[in-house]
Amino acid sequence: MPKREKKGVSGIVTLTTDFGLQGGYIGAVKGSILKVNPLCQIVDITHLVSPQNIIEASFIIKTTYPFFPAGTIHLVIVDPGVGTGRKPIVLKEGKHIFVGPDNGVFSLILAGSTKIQSYQITCKEFFLKPLSHTFHGRDLFAPVAGHLSLGLDPKSLGPRLENLFEVEWPEPKVQAKRIVGRIIFADSFGNLITNISREQYGGILEGRGILIQGKGWKIGRLCRTYGQGQIGQPMALFGSSGFLEVAVHEGNAMKKLNLHPGDPIPILFFGGR
Amino acid sequence: MPKREKKGVSGIVTLTTDFGLQGGYIGAVKGSILKVNPLCQIVDITHLVSPQNIIEASFIIKTTYPFFPAGTIHLVIVDPGVGTGRKPIVLKEGKHIFVGPDNGVFSLILAGSTKIQSYQITCKEFFLKPLSHTFHGRDLFAPVAGHLSLGLDPKSLGPRLENLFEVEWPEPKVQAKRIVGRIIFADSFGNLITNISREQYGGILEGRGILIQGKGWKIGRLCRTYGQGQIGQPMALFGSSGFLEVAVHEGNAMKKLNLHPGDPIPILFFGGR
Amino acid sequence: MPKREKKGVSGIVTLTTDFGLQGGYIGAVKGSILKVNPLCQIVDITHLVSPQNIIEASFIIKTTYPFFPAGTIHLVIVDPGVGTGRKPIVLKEGKHIFVGPDNGVFSLILAGSTKIQSYQITCKEFFLKPLSHTFHGRDLFAPVAGHLSLGLDPKSLGPRLENLFEVEWPEPKVQAKRIVGRIIFADSFGNLITNISREQYGGILEGRGILIQGKGWKIGRLCRTYGQGQIGQPMALFGSSGFLEVAVHEGNAMKKLNLHPGDPIPILFFGGR
């Protein structure tokens with residue numbers, strides 16, 4: 001009987017995919033993990049990444065994985081290039097392990113770290129046979145994740161791989177009195193999360209007057225909590241993921257302001273501090 | 001290594017939220033529980049409570065929790081007031097433990113019981129640091145639930161708290177020959193579940209003639225099963241949650257009858273028994 | 001304390017339902033399983049089977065269950081006839097066990113096997129009391145699945161039952177130079193999965209010229225991977241479930257081609273091999 005926790009691993013595998021919740025795809029991936037490690041604890045992060053949206057997947061895993069125990073395996077499958085030349089990879093960042101295609105889904109994790117070890121998965125020993133051409137999530141990544149969750153060393157999966165593929169993360173443009181950010185993601189409440197991180201831009205924006213405006217609305221200050229907003233009115237704050245959000249207190253900013261992922265968010269700032 | 005089952009706890013934590021299924025919020029909450037108790041069994045009740053709908057959350061947890069094993073921790077996070085003055089609380093009702101904001105999400109559980117012990121969570125020892133202003137689900141409630149699932153006594157989280165906040169549950173109006181209920185919730189089949197409980201009103205309605213009518217449709221009797229209805233026709237029955245439902249056999253009552261949560265359902269009853 | 005793995009069982013229960021993700025139904029089913037076996041590993045296959053679509057449920061479980069470990073219990077609840085005369089059943093196919101209503105949800109599993117043992121569930125000992133008329137998923141199937149996951153022999157649930165109810169699976173029509181299939185299921189990417197199995201029809205179609213056409217579009221060959229298609233253009237391939245799919249590379253075939261489950265897909269084939 002496999003042990004629930006081996007040295008260095010938590011026995012937990014997280015899933016982040018764009019598979020949606022219909023049909024049997026997620027079930028097949030989970031079955032394929034459990035066939036290797038029946039005691040694995042599988043945790044859904046989300047299966048509703050916008051189809052083939054690699055930047056969104058990258059953002060979600062980056063802002064979520066640190067909350068998991070050390071030794072957790074994170075499987076990220078947004079994989080439009082399945083069955084073509086893109087490489088399957090495994091990364092080790094601190095005490096977390098990431099598995100998925102080398103197509104940029106780990107860009108933000110790579111960007112935040114200098115000590116990542118990365119390997120191409122070439123060892124076919126763990127793959128399902130026959131390996132399908134269209135569903136590496138189930139046939140390749142899942143069983144590999146299962147073995148990693150039992151303590152398999154990522155090194156044993158294949159050779160070191162440098163120069164991983166990275167998608168271009170849209171950086172905010174900073175001008176004299178203006179930062180122009182971009183909406184990366186709209187959450188289920190309709191909160192619009194931008195690429196303006198508190199870490200990098202909090203020093204500029206916090207404690208200053210700001211102005212964000214659109215057709216018929218404007219936001220004149222940064223709040224700290226949703227509750228500080230006025231019901232039904234737009235507001236801005238650094239949210240729980242560490243990025244600036246445009247929200248509507250007890251409402252849906254995406255619908256009310258008609259803004260969507262990809263749209264620019266220009267912020268004027270002024271005054272001393 | 002933490003044990004899966006300690007004295008008095010099942011090792012299970014349930015989640016009921018309005019977070020939706022996109023993005024990393026639920027994943028972060030689960031990670032935060034598992035960091036405390038990696039062997040915790042986490043069960044999603046639902047993450048699709050209508051945004052900020054406290055009555056709906058209260059209804060769902062009330063009708064679902066009794067089916068779980070004794071010693072289960074139930075985390076309910078519908079929390080529009082996060083970061084404002086509302087208190088985080090923990091309740092003990094019989095052998096179940098509830099954790100969430102003191103904003104009324106536990107109203108129906110309080111209403112059904114006289115022996116609840118309730119505590120304000122003031123002990124910051126278990127919170128994530130820094131505690132965010134916008135995501136207590138992840139930073140406060142989740143780690144507390146993780147510790148409770150390991151057997152922590154709710155008493156050790158803070159002082160007794162009486163006079164909990166309660167939302168007003170819409171009671172049916174009872175008249176001479178009429179009960180006027182209200183739709184609380186529409187399930188995924190479009191069944192319209194009202195506030196008319198079998199426990200309180202079954203004695204009046206069962207075995208009698210009834211009449212519920214709308215534009216172009218009427219229901220003339222109470223059924224016991226969906227199968228007793230006619231395909232495509234509206235019908236009424238006391239459903240599995242113990243409340244009167246208006247349904248359409250093999251159809252969607254919400255769409256077909258154009259009725260929605262909040263709408264009144266007047267029921268005439270007549271005849272002896 | 002129940003053991004996680006008994007002889008012959010994996011301790012895993014999968015769920016395939018049309019309950020949707022709102023409300024407490026799935027939570028109640030899971031609670032009801034865990035009350036019997038608190039260490040059960042419950043895996044959602046999907047809860048978004050189209051309401052009361054028995055053929056879709058049958059397709060999903062058939063193409064997903066083989067990826068789970070031997071000794072897994074598969075609970076399939078698409079049950080429009082709940083509370084009427086339809087029988088609750090348990091099936092044993094190889095090392096997998098299936099539980100659900102005898103209404104055709106297991107048709108495709110029956111069709112693929114000659115060595116199934118099937119039993120009617122008559123032993124009321126394991127049911128919740130009172131047994132509701134409307135929610136056998138929670139009150140009957142869930143606790144039975146919980147006991148099976150602990151190693152209960154299906155035989156002990158009731159007598160052998162032959163002549164199970166089977167829904168008519170729409171077989172492709174094969175003509176001289178044409179196969180007319182039908183769309184069974186559209187996945188979350190909008191890929192249209194037909195009833196044309198590779199097992200039966202791969203021999204006819206692979207390596208030949210084909211023609212599938214609709215208003216303003218045509219597909220002239222079989223691909224092996226999504227990546228072989230042209231971005232935004234329709235394509236056909238045998239997908240990961242072993243059935244022919246019509247897809248749009250990096251797009252949504254259901255929306256782009258305006259085709260839906262139930263629609264016919266005629267395929268001309270020609271040339272030698």
Side-chain angles (χ1 to χ4, degrees), chain B residues 3-5 9-12 14-16 20-21 39 41-50 56-57 59-72 74 96 184-191 193 223-229 231 237-242 245 247 249-252, chain C residues 1-4 11 13 15 17-44 47-54 78-86 101 103 128 130-140 142-143 146 188:
Chain B
K3 286 259 184 59
R4 198 62 196 276
E5 289 183 294
V9 287
S10 66
I12 298 167
T14 78
L15 301 181
T16 303
L21 297 164
L39 298 185
Q41 165 104 280
I42 302 176
V43 178
D44 299 304
I45 290 183
T46 185
H47 299 290
L48 297 184
V49 174
S50 308
E56 187 184 316
F59 176 81
I60 291 170
I61 192 64
K62 165 74 176 181
T63 54
T64 307
Y65 90 87
F67 297 95
F68 281 86
T72 295
H74 302 279
H96 290 263
I184 296 299
F185 175 66
D187 72 17
S188 302
F189 299 94
N191 300 327
I193 297 146
C223 290
R224 284 194 330 151
T225 74
Y226 297 116
Q228 290 181 326
I231 289 180
L237 74 175
F238 282 109
S240 60
S241 314
E245 296 179 24
H249 184 40
E250 299 196 14
N252 185 309
Chain C
M1 179 171 135
K3 286 262 183 57
R4 198 57 195 279
V13 172
L15 301 182
T17 81
D18 62 352
F19 293 177
L21 296 163
Q22 295 170 293
Y25 298 152
I26 303 163
V29 166
K30 292 183 180 177
S32 200
I33 295 169
L34 292 166
K35 224 171 201 169
V36 175
N37 180 6
L39 298 185
C40 186
Q41 166 103 280
I42 301 175
V43 177
D44 298 304
H47 299 291
L48 297 184
V49 174
S50 308
Q52 298 149 359
N53 191 326
I54 287 166
V78 175
D79 194 12
V82 61
T84 63
R86 71 92 192 90
N103 63 7
L128 294 200
L131 177 71
S132 72
H133 299 292
T134 54
F135 199 177
H136 286 185
R138 180 191 69 192
D139 299 349
L140 187 161
S188 302

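Side-chain atoms are counted along with the backbone in the values below, which use heavy atoms only and exclude waters and symmetry mates. Lettering of chains follows the sequences in order, A, B, ..., and the numbering in each one begins at 1.
In this structure, Q41(B) contributes its side chain and C40(C) its backbone to a donor-acceptor pair below 3.5 Å. A donor-acceptor pair under 3.5 Å is absent between the side-chain atoms of T72(B) and the main chain of H96(B), judged by distance alone.
Contact of the I193(B) side chain with the D187(B) side chain is registered, since non-hydrogen atoms from C-beta on lie closer than 4.5 Å. Inter-residue side-chain proximity for I12(B) and P69(B) is flagged as met; some heavy-atom pair is nearer than 4.5 Å.
Contact annotation for R138(C): only side-chain heavy atoms (C-beta onward) come within less than 4.5 Å of a heavy atom of chain B. Contacts of I61(B) with chain C are absent, with no heavy-atom separation under 4.5 Å from either backbone or side chain. Contact of Q52(C) with chain B is made through the side chain alone, with heavy-atom distances under 4.5 Å.
We find that D44(B) and K30(C) are not joined by a salt bridge, their nearest charged nitrogen and carboxylate oxygen being 4.0 Å or further apart.
Here D18(C) is the residue among D18(C), L48(C), I26(C) with the most heavy-atom pairs under 4.5 Å with chain B. Taking chain B as the reference chain and counting heavy-atom pairs below 4.5 Å, the highest number among G81(C), G23(C), S132(C) is found for G23(C).
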